[in-house]
Amino acid sequence: VGSVRIGAGVGVPFGDSKTVPYVKQFFVGGPSSIRAWRIRELGPGSFLKIDPVTMRPDSTQPYYQAGDFRFEFNGELRFPIFSYFKGAIFIDGGNIWTLRKDPGREGSELRWDSFKNIAIGTGFGIRGDFDYFVIRLDFGLPLRRPYRYPEGSSYWVPNLISNMQLSDFNPNIAVGFPF
């Protein structure tokens, strides 16, 4: 059984507000979104927080990325394995952007060439499909990043197959179908 989803949304400040409240902003990543990244890890746009000491992507901070515009697509193919267990393969893509320039997050603004900032991930999973609920364990793998790191490199993850490690996969556990 296969399923496909495409979604987009925009949040616009109301009245005298200059920004949409944080809790109402969009985010991507996690078990019900782009599974190759953690919740709020991705975006906005091509923004990537760099640690000033190591000059590498900062992974010590909690993820908090949110934006005003979201575009996302997902596809999943589920197949029986045995009894209550089903397997799945999937592909997810998308990102979030800000509607205004944000000096603290370079590259976050939605522009005419923002299609370059679409992240793509794939993966596989197993489902315990019981009559009243579904338990999912998915492993997402980034294929295309929304930024170039190191600077000047490709958006596509280099040497994906030849250098693949278990740590390259992002595990997600959830209850219910992703969409």
Side-chain angles (χ1 to χ4, degrees), residues 1-8 26-67 69-81 85-97 105-108 110-111 113-127 135-174 177-179:
V1 175
S3 55
V4 176
R5 173 178 74 168
I6 297 175
F26 297 107
F27 64 91
V28 290
S32 295
S33 182
I34 304 173
R35 293 167 270 192
W37 282 270
R38 292 182 229 158
I39 294 175
R40 296 186 188 270
E41 180 180 9
L42 193 57
S46 63
F47 174 71
L48 177 64
K49 186 172 182 180
I50 301 292
D51 184 334
V53 175
T54 64
M55 297 309 291
R56 295 179 157 257
D58 188 355
S59 61
T60 61
Q61 297 294 325
Y63 299 116
Y64 59 88
Q65 299 306 326
F69 181 82
R70 175 185 72 103
F71 173 73
E72 184 178 347
F73 59 90
N74 312 83
E76 181 171 288
L77 180 64
R78 293 183 287 274
F79 50 90
I81 297 177
F85 294 97
K86 293 184 169 55
I89 56 173
F90 58 84
I91 186 163
D92 303 323
N95 204 342
I96 55 170
W97 293 268
R105 298 187 291 178
E106 191 67 35
S108 66
L110 181 65
R111 301 177 340 161
D113 63 345
S114 289
F115 65 89
K116 294 178 184 175
N117 304 130
I118 291 183
I120 299 174
T122 189
F124 62 92
I126 189 165
R127 280 92 172 93
I135 297 176
R136 297 185 290 123
L137 177 61
D138 291 328
F139 295 93
L141 180 67
L143 295 178
R144 186 180 192 283
R145 300 174 296 221
Y147 51 81
R148 292 181 177 192
Y149 180 81
E151 191 66 37
S153 65
S154 173
Y155 289 102
W156 296 95
V157 176
N159 304 321
L160 184 64
I161 303 300
S162 63
N163 292 338
M164 190 179 300
Q165 300 174 359
L166 190 58
S167 62
D168 293 336
F169 288 90
N170 181 40
N172 292 286
I173 190 163
F177 286 116
F179 51 91

Under 3.5 Å, is there a donor-acceptor pair between the side chain of Asp92 and the main chain of Arg35?
yes
Please give me the minimum heavy-atom distance between Ile96 and Val28, naming the atom from each residue.
CG2-CG1, 3.9 Å
Worked check of salt bridge (Lys or Arg N to Asp or Glu O under 4.0 Å) between Lys49 and Glu41:
CA-CA 10 Å; Lys49 186 172 182 180; Glu41 180 180 9; over 6 Å; no
Could you grab the distance from atom CG of Leu48 to atom CG of Asp58, nearest 0.5 Å is fine?
9.0 Å
Backbone N or O of Arg111 within a donor-acceptor pair of the Ser114 side chain at under 3.5 Å?
yes
Over all heavy atoms of both residues, which pair between Phe79 and Ala88 is shortest? Give the atoms and the distance, please.
CE2-N, 3.7 Å
Beyond-backbone contact of Ile39 with Phe27, side-chain heavy atoms, under 4.5 angstrom
yes
Residues Ala119 and Pro146: closest non-hydrogen pair is CB-CD, 3.8 Å
Can you measure from CD1 (Ile50) to CD (Glu106) and round to the nearest 0.5 angstrom?
12.5 Å
Qualifying residue for side chain to side chain contact (heavy atoms under 4.5 Å, CB included) with Arg145, from Leu42, Val157, Asn117, Ile120:
Val157
Look at the rings of Trp97 and Phe69 and say which category their plane angle falls in: under 30° parallel, 30 to 60° tilted, over 60° perpendicular.
tilted
Less than 4.0 angstrom from a charged side-chain N to a carboxylate O is my criterion; do Arg5 and Glu72 meet it?
yes
Quick one, Ile118 and Phe73 - any side-chain contact, counting heavy atoms below 4.5 Å?
yes
Look up atom CZ in Arg38 and atom CG in Asn170, then write down how far apart they are to the nearest 0.5 Å.
6.0 Å
With rounding to the nearest 0.5 Å, note down the distance linking OG in Ser3 to CG in Leu77.
8.5 Å
Lys/Arg cation over aromatic Tyr155: Arg144, 6.0 Å, 45° cone:
yes
Compute both the distance and the angle, then confirm whether Arg56 meets the cation-pi test with Tyr149: under 6.0 Å from the six-membered ring centre, within 45 degrees of the axis.
no
Between CG on residue Leu143 and CD1 on residue Ile91, distance to nearest 0.5 Å
6.0 Å
Hey, does Phe139 have a side-chain heavy atom less than 4.5 Å from the side chain of Leu137?
yes
On a heavy-atom basis, which atom in Gly121 and which in Ala36 lie closest, and how many Å separate them?
CA-CB, 3.8 Å
Test side-chain contact (heavy atoms from CB on, under 4.5 Å) applied to Thr122 and Ile89, step by step:
CA-CA 8 Å; Thr122 189; Ile89 56 173; over 6 Å; no
Decide whether a cation-pi geometry holds between Arg127 and Phe85; the criteria are a distance under 6.0 Å from NZ or CZ to the six-membered ring centre and an angle within 45° of the ring axis.
no
Minimum heavy-atom distance between Lys86 and Pro80, given as atom pair plus value:
CG-CA, 4.2 Å
Quick one: pull up CG in Asn74 and CD1 in Ile34 and give me the separation to the nearest 0.5 Å.
7.0 Å
Are more than 12 heavy atoms, taken from residues, nucleotides or ligands other than Leu160, located less than 6.0 Å from that residue's CG atom?
yes
Passes side-chain contact (heavy atoms from CB on, under 4.5 Å), Arg40 versus Ser33? Steps please.
CA-CA 10 Å; Arg40 296 186 188 270; Ser33 182; over 6 Å; no
Pair Asn172, Asp138: side-chain N/O donor-acceptor within cut-off below 3.5 Å
no
Is it the case that more than 12 heavy atoms not belonging to Arg148 sit under 6.0 Å from its CZ atom?
yes
Closest non-hydrogen atom pair between Tyr147 and Ser46, with its separation
CB-O, 3.5 Å
